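Here's the structure, in structure tokens; my notes come after.
These numbers were taken from a predicted model, which means no experiment stands behind them. First listed ligand is number 1; within each ligand, the first listed atom is number 1.
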Amino acid sequence: MAAKIIDGKALAAEIKEEVRREVAAMTAAGRPAPCLAVILVGEDPASKVYVNNKKKACEACGIRSREILLPADTTEEALLEEIRRLNADETVDGVLCQLPVPPQIDKMRVIETVSPEKDVDGFHPLTVGRMVADRPGFLPCTPAGIIELLKSAGVDPDGKNAAVVGRSNIVGKPVSTLLMRANATVTVCHTHTRDLKAETRRADIVIAAAGVPQMITSDMIKPGAAVIDVGIHRRPDGGLWGDVVFDEVSQIAGAITPVPGGVGPMTVAMLMKNTLRAAAQRRAAQVKGNN
Ligand code: NAD
């Protein structure tokens with residue numbers, strides 16, 4: 001039987017609509033709409049598309065967005081100074097720098113310079129620490145979106161075996177943490193995993209985040225498993241590929257996300273949610289400070 005297709009685009013639209021309503025309530029109460037500042041360094045075409053998608057999502061939600069475009073030869077110090085300026089700007093609630101950054105810039109220094117109160121990407125080590133320690137805080141957008149996709153498909157990770165393929169700071173590690181928090185038994189696979197197929201075949205939930213086009217085939221999937229495809233790869237014909245061979249895996253899996261229309265739109269929707277949350281927290285702190 002063919003798998004249930006998990007519609008990330010529709011779920012993302014619902015989440016953005018919820019955010020839009022809350023933003024409208026915020027402005028109706030006389031408070032300023034949330035504001036997201038996005039820095040883009042250089043001309044990477046994929047990054048430009050991502051930044052534009054974020055801008056469009058902000059518009060749809062009533063969130064103000066500020067785009068800061070810096071040339072590819074920007075020095076690390078100049079970029080960090082821009083981030084510090086946005087951290088100090090009372091009219092800005094969320095700050096992010098689109099990755100990757102050019103080679104003269106240390107990505108970790110960029111991430112560590114964003115104020116944790118405005119860390120809507122959820123990449124700052126303090127934010128990551130809060131997540132790992134089960135403390136309240138921003139959740140990174142793609143992993144949080146993956147958990148929402150599973151929920152929407154009626155897949156409760158509690159007691160299930162989950163295999164995460166990939167251990168990056170942005171996807172693999174945090175989604176493993178969130179699955180563990182949801183009571184799954186999690187196996188994290190990576191380039192040193194001896195028998196990847198054996199690991200994925202045991203899993204009720206497979207998160208494909210290796211960044212290798214079309215690497216997950218139907219013989220690697222247990223019948224009925226939920227498969228979330230995080231990969232995004234440009235095809236020679238201009239279309240998109242995921243890490244999963246959708247046509248064959250969808251014949252075996254119980255539920256599967258498509259590419260495009262799966263994880264991608266959810267990442268942006270969760271960013272909108274985090275920006276709203278950052279604004280609400282900052283407004284609440286300001287009221288407290290004025291009392
Ligand atoms: P990354 O390159 O930082 O990490 C890839 C991970 O996969 C590494 O930990 C590596 O050990 C593992 N890996 C690579 N080849 C493997 C193999 N053959 N077998 C087992 N493990 C292997 O990538 P990333 O930033 O985590 O992104 C992964 C993919 O997800 C990319 O295609 C990226 O474009 C995509 N992505 C999509 C979204 C979205 O919103 N949809 C967000 C972030 C990343």
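In this structure a side-chain-to-backbone donor-acceptor pair under 3.5 Å is present from Arg283 to Pro32.
For ligand 1, the polar-atom distance check against Met215 finds no nitrogen or oxygen pair separated by under 3.5 Å.
The nearest heavy-atom contact from the protein to atom 6 (C) of ligand 1 is Gly166 CA, 3.6 Å. The single protein non-hydrogen atom nearest to atom 42 (C) of ligand 1 is Thr142 OG1, 3.3 Å, given as residue, atom name and distance. If you check which protein heavy atom lies closest to atom 10 (C) of ligand 1, you get Thr191 CG2, 4.0 Å. The protein non-hydrogen atom at the shortest distance from atom 9 (O) of ligand 1 is Arg167 N, 2.8 Å. The protein non-hydrogen atom at the shortest distance from atom 15 (N) of ligand 1 is Val212 CG2, 3.5 Å. Protein heavy atom at the shortest distance from atom 34 (O) of ligand 1 is Ile232 O, 3.7 Å.
To the nearest 0.5 Å, atom CD of residue Glu81 and atom OG1 of residue Thr113 are 10.0 Å apart. Atom-to-atom distance recorded for Ile216:CD1 and Asp229:CG is 8.5 Å, nearest 0.5 angstrom. Taking SG of Cys189 as the start and CD1 of Ile207 as the end, the distance is 11.5 Å to the nearest 0.5 Å. Between the CG atom of Leu271 and the CD1 atom of Ile63 there is a distance of 7.5 Å, given to the nearest 0.5 Å.
For the residues Leu271, Ile207, Thr267, the heavy atom positioned nearest atom 40 (O) of ligand 1 is part of Thr267. For atom 38 (C) of ligand 1, the nearest non-hydrogen atom from the set Ile146, Thr200, Asp243, Val230 belongs to Val230. Of the listed options Ala210, Ser168, Pro213, Pro265, Ala210 places a heavy atom closest to atom 14 (C) of ligand 1. By heavy-atom distance, the residue among Gly211, Cys189, Pro140 lying nearest atom 31 (C) of ligand 1 is Gly211. The heavy atom nearest to atom 44 (C) of ligand 1, considering only Val171, Thr257, Leu196, is found in Val171.
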When you look at Glu17 and Arg20, which way does the salt bridge (charged side-chain N to carboxylate O under 4.0 Å, His left out) test go after all the steps? CA-CA 5 Å; Glu17 176 53 24; Arg20 192 196 62 76; 2.8 Å; yes
Would Glu59 and Lys56 satisfy salt bridge (charged side-chain N to carboxylate O under 4.0 Å, His left out), going step by step from the backbone distance to the final call? CA-CA 5 Å; Glu59 277 165 18; Lys56 281 198 288 197; over 6 Å; no
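In the vicinity of Ala209, heavy-atom distances shorter than 4.0 Å reach the ligand 1 atoms 5 (C), 6 (C), 7 (O), 28 (C). Atoms of ligand 1 lying under 4.0 Å from at least one heavy atom of His233, given by number and element, are 32 (O).
For the ligand labelled ligand 1, residue Gly264 lies inside the 4.0 Å heavy-atom shell. The shortest heavy-atom distance from His192 to ligand 1 is not under 4.0 Å. Not a single heavy atom of Thr193 sits less than 4.0 Å from an atom of ligand 1.
Counting heavy atoms under 4.0 Å from ligand 1, residue Met266 does not touch it at all.
Salt bridge status for Lys151 with Glu148: present, with a side-chain N to carboxylate O gap under 4.0 Å.
Under a hydrophobic clustering in which Ile, Leu, Val, Met, Phe, Trp and Tyr are joined whenever their side-chain heavy atoms come within less than 4.5 Å, directly or via other members, Ile147 and Val227 fall into different clusters.
Taking a distance limit of 4.0 Å, we find that atom 2 (O) of ligand 1 is approached by no protein heavy atom.
Side-chain contact check for Arg66 and Thr91: at least one donor-acceptor pair (N or O, by modelled atom type) lies under 3.5 Å. Under the 3.5 Å distance criterion, with hydrogens and angles disregarded, no donor-acceptor pair is assigned to the side chains of Thr75 and Glu77.
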Quick one: side chains of residues 33-41, donor-acceptor pairs under 3.5 Å with protein atoms, not counting sequence neighbours, listed by atom name and distance.
none

